[in-house]
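Nothing here was measured: the structure is a model prediction, and the numbers come from that model.
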Amino acid sequence: FKKSYLDEDDIEMLEECLSQADISYSIIEDVLDSVRSKDSSDSTWRDRAYRVLLSKLQTDTDSENIKKVIILVGINGSGKTTSAAKLAKYYSSNGEKVCLVAGDTYRAAAVEQIEAWSDKLDVRLVQNPETTDPASIAFDGAESGMSRGERVIVDTAGRLHTSVNLMNELEKIHRVISKITHEITTLMVIDGNIGKNSLMQLEQFNKYLNIDGIIITKLDGTAKGGVALTAISDYGIPVYFIGVGEGSDDLVPFVPEDYL
């Protein structure tokens, strides 16, 4: 493993490992090219592979770029409601006033879940059992939150990109909030276990909404998480946070060096 370059058998094994980690083929090719031959430095093949991977993560992942109103989107089961709660904890721990908005009107359990989190974290919750229109609730939450100087975090219902009506609904949520403020960041929550399929979702969601950043959840188990490399390198979309557990503290800012 101290070798400065790899022979073809080793290359094949490395290619398989990288592929299993859900890294896109174009990135794998660049890594393999970097370790095929000797170079003039004393660096090992691992050092060279690491440098290539790190270069693919060069984007501004500073969470300071996230604006005052956060809209969370994604498919069912990706961890949006839990991520909303974790973001609320993150910002309130940093001294901000936070408002959670229960925009998932399709699942009664989602509203109960976000209610429980808001009680536990002692943050304000905006919800409206009288309506099933998430855009109306999002508008009320953003309006009241901005007037109070709060960080507003809007949870939305999970949806598949194939459902045009539901995707248009997300567009509407963004549109009504933009009547109040342009301080909006749309974050897509991606399940780290889904791998390459999540990139197809990202591409499709991005057609309807401008996805500003990503939260990758469930990186505490067997998830490979190579999706972060592809999202940043191929799509130019920063990963801002990763979820590494179920607790409210288990959302950490994305640091490329730590991630690799």
Heavy-atom side-chain contact between [X] and [Y] under 4.5 Å:
| X | Y | result |
| --- | --- | --- |
| Val154 | Ile177 | yes |
| Ile211 | Val73 | yes |
| Ile232 | Lys56 | no |
| Leu202 | Val227 | no |
| Tyr208 | Glu169 | no |
| Ile27 | Leu53 | yes |
| Leu170 | Phe205 | yes |

Full working for salt bridge (charged side-chain N to carboxylate O under 4.0 Å, His left out) between Asp212 and Lys67: CA-CA 10 Å; Asp212 301 305; Lys67 299 190 171 91; over 6 Å; no
[X] [atom1] to [Y] [atom2] distance, which is reported to the nearest 0.5 Å:
| X | Y | atom1 | atom2 | value |
| --- | --- | --- | --- | --- |
| Thr82 | Asp155 | OG1 | CG | 9.0 Å |
| Lys89 | Asn94 | NZ | CG | 10.5 Å |
| Phe254 | Thr59 | CZ | OG1 | 10.0 Å |
| Ile216 | Ser83 | CD1 | OG | 11.0 Å |
| Asp9 | Leu14 | CG | CG | 12.5 Å |
| Ile137 | Gln127 | CD1 | CD | 8.0 Å |

Polar side-chain atom of [X] near backbone of [Y] as donor-acceptor pair, under 3.5 Å:
| X | Y | answer |
| --- | --- | --- |
| Arg151 | Glu96 | no |
| Ser78 | Ile75 | yes |
| Lys97 | Arg148 | yes |
| Thr217 | Ile190 | yes |
| Thr81 | Ala110 | no |
| Ser19 | Glu15 | no |

Closest approach of [X] to [Y] (non-hydrogen atoms, all atoms of both residues):
| X | Y | result |
| --- | --- | --- |
| Lys86 | Gly243 | NZ-CA, 4.4 Å |
| Val101 | Ala138 | CG1-CA, 4.0 Å |
| Ser136 | Thr131 | OG-CG2, 4.2 Å |
| Ile23 | Ile28 | O-CD1, 3.4 Å |
| Asp191 | Gly77 | OD2-O, 4.3 Å |
| Cys99 | Glu150 | CB-OE1, 3.1 Å |

If hydrophobic clusters are built from ILVMFWY residues whose side chains come within less than 4.5 Å, do [X] and [Y] share one?
| X | Y | result |
| --- | --- | --- |
| Leu229 | Leu54 | yes |
| Val126 | Tyr106 | no |
| Ile173 | Leu160 | yes |
| Leu166 | Ile71 | no |
| Val239 | Tyr50 | yes |

When Ile, Leu, Val, Met, Phe, Trp and Tyr are grouped by side-chain heavy atoms lying under 4.5 Å apart, directly or through other members, which residues fall in the same group as Ile114?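 Its cluster partners, ordered by chain and number, are Ile66, Ile70, Leu72, Leu87, Tyr90, Tyr91, Val98, Leu100, Trp117, Leu121, Val123, Leu125, Ile153, Leu187, Val189, Ile215, Tyr240, Phe241, Leu251.
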Sequence neighbours excluded, every pair satisfying side chain to side chain donor-acceptor pair (under 3.5 Å) that has a member inside residues 175-185: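 Counting only pairs at least two positions apart or across chains, no side chain to side chain donor-acceptor pair (under 3.5 Å) contact touches residues 175-185.
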Counting only heavy atoms not in [X] (residues, nucleotides, ligands), do more than 12 fall under 6.0 Å from its [atom1]?
| X | atom1 | value |
| --- | --- | --- |
| Asp122 | CG | no |
| Gln58 | CD | yes |
| Glu115 | CD | yes |
| Glu16 | CD | no |

Listing request: all salt bridge (charged side-chain N to carboxylate O under 4.0 Å, His left out) pairs with a residue in residues 130-144, at least two apart in sequence or in separate chains.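 Qualifying pairs: Asp133-Lys172.
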Distance alone, cut at 3.5 Å: any donor-acceptor contact between the side chains of Arg124 and Ser144?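 Judged by distance alone, the side chains do pair up.
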Regarding Arg36 and Glu8, does a basic nitrogen lie under 4.0 Å from an acidic carboxylate oxygen?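 Answer for the salt bridge query: yes.
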Run Asp10 and Trp45 through side chain to side chain contact (heavy atoms under 4.5 Å, CB included) and show every step you take. CA-CA 11 Å; Asp10 293 332; Trp45 69 267; over 6 Å; no
